Amino acid sequence: MNFLEVICNDGLAIWDHSYRIIKIFAPGAAELLHEGETRKPVIWSILHGRMVGTLGIKPRKRMTILISPSRDGEMIARGARGMGFSIARGSSKQGAVRGALELVDAVKSGNDLVFMVDGPRGPRFSVKPGIIRMAEITQTPIQPFVCSAKSTMWMPSWDKFMAPNWSTPIVYIFGEPLHVPAGASDELQESLRAELENRMETCRLSADNFFEAMRK
C-alpha cells in the first residue's frame, strides 16, 4: 500500500466514526437492497458533486468505479483503492472499450458498478447515456442515489462538490430503481435516460430539503 492509499484508508476510518447517516428508501429500493451483501449487483447512479456519499455505502470492496486512465485518474484510482473500492480504468475518450469490458467482468463477479452520471464535466445534474447502455448490456438494475448534509461546504467547481462539515448528519436518499430491458431501442434508451434524470432530481430535491423540513 503506497502513501496515498495509507492516508485514504486512515481518513476513511475517521469518516466511519464521525458522521451519522440517515437512510431513506423508496419501496423498490428497499426491496432491491434488503439482502445486503448477499444481494445481486446493482448499478449505482450518483451525481458527481455528491460522490462523497459512496463512502457510506457498504461493503465498499464490492463497488467498482470507472476512472479515467489519465495521469490525474491514476492518482484518483490509488486513493479509491486505499478506501477499499474496486477500480476499472477507461473513459469515453480513452480506453472506453477496455473500461466497458472491465465493468462487465465486475458485474459477472458479483460487484456493483458506480457511475457518476453527470461526469466528468457536466452539465451538472444531466444524466449521460452510458449508464443506460451498461444496464442494458449487463441486465443489471440502476439504483438512483443522492445524499445531502445538514451543514456543508460547496466547492467552487463545476459540480459544486459537497464537502460535509465535521460530524454533521447526512441523509441518504435511495430512489426507485430503473430497469432497462434487453434489446432496448435507441428511442427507449433515451426515454429511460430522461426518466433516470427525473428520478435523480426527485432524490436530490428530497435530500436537499430534508433537514429544513425536519425543522418545521
Side-chain angles (χ1 to χ4, degrees), residues 11-12 14-34 42-58 60 63 65-67 76 79-80 83 85 112-132 134-135 141-180 190-216:
L12 197 55
I14 295 173
W15 166 278
D16 286 340
H17 293 90
S18 300
Y19 294 94
R20 180 170 68 93
I21 297 175
I22 304 163
K23 296 182 178 181
I24 300 176
F25 296 86
E31 181 178 355
L32 184 65
L33 302 173
H34 81 282
V42 300
I43 301 178
W44 292 97
S45 175
I46 296 175
L47 297 174
H48 199 277
R50 310 295 175 97
M51 68 174 73
V52 67
T54 58
L55 299 180
I57 301 174
K58 300 178 182 179
R60 301 181 188 104
M63 299 176 71
I65 305 175
L66 182 66
I67 296 176
I76 297 171
M83 296 177 186
F85 295 102
D112 292 345
L113 306 183
V114 178
F115 272 69
M116 309 302 172
V117 291
D118 55 347
R121 296 294 179 185
R124 188 180 178 212
F125 307 148
S126 178
V127 173
K128 304 295 179 61
I131 189 172
I132 302 297
M134 184 56 60
I142 297 171
Q143 177 55 62
F145 165 77
V146 179
C147 65
S148 192
K150 185 175 183 179
S151 176
T152 188
M153 294 184 292
W154 300 99
M155 299 294 101
S157 54
W158 72 264
D159 62 352
K160 299 295 188 289
F161 186 85
M162 187 183 85
N165 291 325
W166 183 259
S167 75
T168 189
I170 303 174
V171 62
Y172 279 21
I173 303 293
F174 300 86
E176 282 292 342
L178 186 72
H179 299 267
V180 181
E190 169 55 25
S191 176
L192 292 171
R193 185 209 62 79
E195 174 61 23
L196 177 60
E197 189 169 283
N198 181 64
R199 295 187 190 189
M200 291 296 291
E201 181 67 2
T202 298
C203 289
R204 186 185 69 83
L205 293 174
S206 295
D208 288 350
N209 293 327
F210 178 80
F211 292 106
E212 180 64 29
M214 292 289 287
R215 283 194 286 266
K216 295 181 179 178

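If you read the sequence from its start, that first residue is 1, and numbering goes on from there. All of these numbers come straight from a predicted model, not from anything done at the bench. Only this structure's heavy atoms are used, side chains among them; waters, hydrogens and symmetry mates stay out.
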Given side chains that start at C-beta, do those of [X] and [Y] come closer than 4.5 Å, heavy atoms only?
| X | Y | answer |
| --- | --- | --- |
| Lys128 | Asp118 | no |
| Cys147 | Met51 | no |
| Tyr172 | Ile57 | yes |
| Leu178 | Ile132 | yes |
| Asp159 | Leu47 | no |
| Glu195 | Arg193 | no |
| Phe125 | Arg204 | yes |
| Val171 | Phe211 | yes |

Checklist entry - Counting distance only, does the side-chain N/O of Gln143 pair as donor-acceptor with the main-chain N or O of Ser45 below 3.5 Å? => result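 Side chain of Gln143 to backbone of Ser45: no pair is present.
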Checklist entry - Within the side chain of Thr152, is there an N or O that forms a donor-acceptor pair under 3.5 Å with the backbone of Ala163? => result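 Yes, the answer is positive, given that a donor and an acceptor are paired below the 3.5 Å cut-off.
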Heavy-atom pair with the smallest gap, counting every atom of [X] and [Y]:
| X | Y | value |
| --- | --- | --- |
| Ile131 | Val127 | CG2-CG1, 4.2 Å |
| Ala207 | Ser148 | O-CB, 3.4 Å |
| Pro177 | Arg199 | O-NH1, 2.5 Å |

Next on the checklist: I need the single residue from Leu196, Val117, Asn198 that forms a side-chain contact (heavy atoms from CB on, under 4.5 Å) with Pro144. Which is it?
Outcome noted: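 One option only clears the test, and that one is Leu196.
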Item to check | Qualifying salt bridge (Lys or Arg N to Asp or Glu O under 4.0 Å) pairs with a residue from residues 47-56, counting only residues at least two apart or across chains | outcome: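 Salt bridge (Lys or Arg N to Asp or Glu O under 4.0 Å) check on residues 47-56 returns Arg50-Asp208.
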Checklist entry - Can you check side-chain contact (heavy atoms from CB on, under 4.5 Å) on Glu197 and Ser126, steps first, answer last? => result CA-CA 7 Å; Glu197 189 169 283; Ser126 178; 3.7 Å; yes
Next on the checklist: Working note: Val42 + Leu33, criterion side-chain contact (heavy atoms from CB on, under 4.5 Å); need CA distance, chi angles, decisive distance, verdict.
Outcome noted: CA-CA 9 Å; Val42 300; Leu33 302 173; 4.3 Å; yes
May I have the list of side-chain donor-acceptor pairs in residues 17-32 shorter than 3.5 Å, sequence neighbours left out?
residue: His17; atom: ND1; partner: Ala13; partner atom: O; Å: 2.8
residue: Ser18; atom: OG; partner: Ile14; partner atom: O; Å: 2.5
residue: Tyr19; atom: OH; partner: Pro164; partner atom: O; Å: 3.4

Item to check | Val52 vs Ile170, side-chain contact (heavy atoms from CB on, under 4.5 Å): CA-CA, chis, key distance, verdict | outcome: CA-CA 11 Å; Val52 67; Ile170 303 174; over 6 Å; no
Checklist entry - Looking at residues at least two apart in the chain, or sitting in another chain, which of them share a ring pair (Phe, Tyr, Trp, His ring centres under 6.0 Å) with Trp158? => result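 Once residues adjacent in sequence are excluded, the partners of Trp158 under the ring pair (Phe, Tyr, Trp, His ring centres under 6.0 Å) criterion are His48.
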Would you give the length of the straight line joining atom [atom1] of [X] to atom [atom2] of [Y], rounded to the nearest 0.5 angstrom?
| X | Y | atom1 | atom2 | result |
| --- | --- | --- | --- | --- |
| Trp44 | Ile142 | CH2 | CD1 | 12.5 Å |
| Arg60 | Ile65 | CZ | CD1 | 10.5 Å |
| Phe85 | Thr54 | CZ | OG1 | 4.0 Å |

Checklist entry - Run the side-chain contact (heavy atoms from CB on, under 4.5 Å) check on Met155 and Lys160 step by step: do they pass? => result CA-CA 5 Å; Met155 299 294 101; Lys160 299 295 188 289; over 6 Å; no
